[in-house]
Protein chains: 2
Amino acid sequence: MTLARVSPTRGARPAVVYSTLRELIVRGQLAPGARIVEMDIAARLRVSRTPVRGALQRLQQEGYIVHSPTLRQSRPSVAPLTRDDAIELFSIVGEIEGLAARSAATLAALLREKLVTDLLAINARLERASRTKTPKHDLLYDLDEQFHRRYVDAAAGPRLRALHDAVKPQAERYERLYVSLLSRGLAPSIREHESITGAIRHGDADAAQRAVQTNWRNAAARLGAVIDTVGERGSW
Amino acid sequence: MTLARVSPTRGARPAVVYSTLRELIVRGQLAPGARIVEMDIAARLRVSRTPVRGALQRLQQEGYIVHSPTLRQSRPSVAPLTRDDAIELFSIVGEIEGLAARSAATLAALLREKLVTDLLAINARLERASRTKTPKHDLLYDLDEQFHRRYVDAAAGPRLRALHDAVKPQAERYERLYVSLLSRGLAPSIREHESITGAIRHGDADAAQRAVQTNWRNAAARLGAVIDTVGERGSW
DNA sequence: CGAAGTTAAATTGTATACAAAATTGCAGCC
DNA sequence: GGCTGCAATTTTGTATACAATTTAACTTCG
């Protein structure tokens, strides 16, 4: 594995370090449980420890890294992937996106029509992609991601979007890890997407919110079952 | 205003700076829109800029401070208090606490009984406090806070609790600012607390979640009306 | 007297030096 | 052979020095 050499303009270094590390963690190249050493990262990215510290702190606050500076016996390491955490995390994502869907259902009719059209198109592509004999996992993931981001971007306020940006990528850690085993059970998810789209189309805020929450609760249950069979990563 | 002089044990400095500043912002002593200067804070707290930077970064990520390092014309300052932000923030708190209430409703019967007893007691005290001729605002705030924290602590997982700890105190900024005008309309809130308690008692997860979300949506509406009459702070 | 350009001050971003703490490895002892 | 205690190394926490950029103030010209 080679890290990209960054020598960016002043003021952007922490952001570059952050997204580089986050990508490594999300994609699993930095494995759950792996120790994080400031010096190493700084050396590899040709930056001083100062911007690295900023990036690490943010990663820790968002849950990619666990740290506990006051407690002994705990130095920074990549957060493990556990069944309980997955279920809690998916519930939270469901709430955040559920709230966005609620707002989406109360958008002006014109905006809402455009939104519904897009959602239908994305979901159709998702269905087509899932029907192929050897589905491309990256494509399936991207389309599901697109579907949800479409209505979040359309309706969420700045605060909710910030929360979404901070929390959602963490679900990607689980999705990427177990997607190969999940792609079979994609049919119910596509059905659930239709419920969401329908509720938004009819302007039923409560139903839209509930549909999204249901979608994520079911996804959590499906993922939980998979984790139970193949085991957790990075926690022992 | 005098800041506490901190010279704490190694490793705790950023946390002390963080909570000191957060308290100042929440209580309004650091007014919305006020500029934040690293050197000043470091000097006043007898610390170097390094721990201050850590604290500021966290405060920014949580929304107490706005920053935009890439954009010109934008140096760190205390986040303003606006009507739209209040409504969005309250919705988010409602989702987080709603999710906790949902879990609370599915707790084991024994734990749930104890929880319900406590909630009833807190709400009774809240009602009594609100009936007095000159209600103590701090007391009213504390009791409402206690009520919600009771079921969050009882049922939320580590992730949800972290989110709650990061988001909830920001609502306090609004509550403290406008509490004097809100305390009159406390009766409906007490009624809503009863619905929450009832749903948890009966183990109805959906109803519990809905009741909490309703409570916060109504609170947002009440607060929004107040802000409309007395104006926003720190945004111009 | 006002406006624009230029210079000085202030403030943040970055790097690095130093100190404290902890982990690891090793040696000696039971 | 394993365990305990000590020492050396690693690693993080803190402070500070320096650089770059922005903000402001002042001067000069119209």
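Everything numeric here is computed off the predicted structure, so don't read it as measured data. Lettering follows sequence order; numbering is per chain, from 1.
Residues B/Arg161 and B/Asp165 are not paired through a salt bridge, judged by the lack of any N-O separation under 4.0 Å between the basic side chain and the carboxylate. At a threshold of 4.0 Å, the pair B/Glu38-B/Arg49 counts as salt-bridged, since one of the basic side-chain nitrogens sits closer than that to a carboxylate oxygen.
For the pair B/Ile41 CD1 and D/dT14 C1', the computed distance is 17 Å after rounding to whole Å. Atom CD of A/Gln60 is separated from atom P of D/dT12 by 12 Å (rounded to the nearest Å). Residue B/Gln57 contributes atom CD, which lies 14 Å from atom C1' of C/dT14 at whole-angstrom precision. Residue A/Arg75 contributes atom CZ, which lies 7 Å from atom C1' of D/dT10 at whole-angstrom precision. For the pair B/Asp40 CG and C/dA10 C1', the computed distance is 10 Å after rounding to whole Å. In this structure, B/Met39 places its CE atom 8 Å from P of C/dA10, rounding to the nearest Å. Remark: C1' of D/dA17 and CD of B/Glu38 are 15 Å apart, rounded to the nearest angstrom. Rounding to whole angstrom units, CZ of residue B/Arg35 and P of C/dA10 are separated by 13 Å.
Taking the side chain of B/Arg53 as heavy atoms from C-beta on, and the options D/dT12, C/dT12, D/dT14, the nearest nucleotide is C/dT12. Side chain of A/Arg10, nearest nucleotide from D/dT16, D/dT14, D/dA20: D/dA20. Candidate nucleotides C/dA15, D/dT11, D/dA15 were compared by shortest atom distance to the side chain of A/Val37, and D/dT11 ranks first.
Taking side-chain N and O atoms only, B/His67 has no distance below 4.0 Å to OP1 or OP2 of C/dT11. For B/Ser48 and D/dA15, the shortest distance from a side-chain N or O to OP1 or OP2 is below 4.0 Å.
Ring centroids of A/His148 and A/His193 are separated by less than 6.0 Å, placing the two rings close together.
For the salt bridge (Lys or Arg N to Asp or Glu O under 4.0 Å) with B/Glu145, the qualifying choice from B/Arg176, B/Lys168, B/Arg150 is B/Lys168, the only one to do so.
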A/Arg44 and A/Asp40: CA distance, side-chain angles, deciding distance, salt bridge (charged side-chain N to carboxylate O under 4.0 Å, His left out) verdict
CA-CA 6 Å; A/Arg44 290 220 211 196; A/Asp40 293 358; over 6 Å; no

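Using a 4.0 Å heavy-atom criterion, one finds that A/Leu56 contacts no nucleic acid atom at all.
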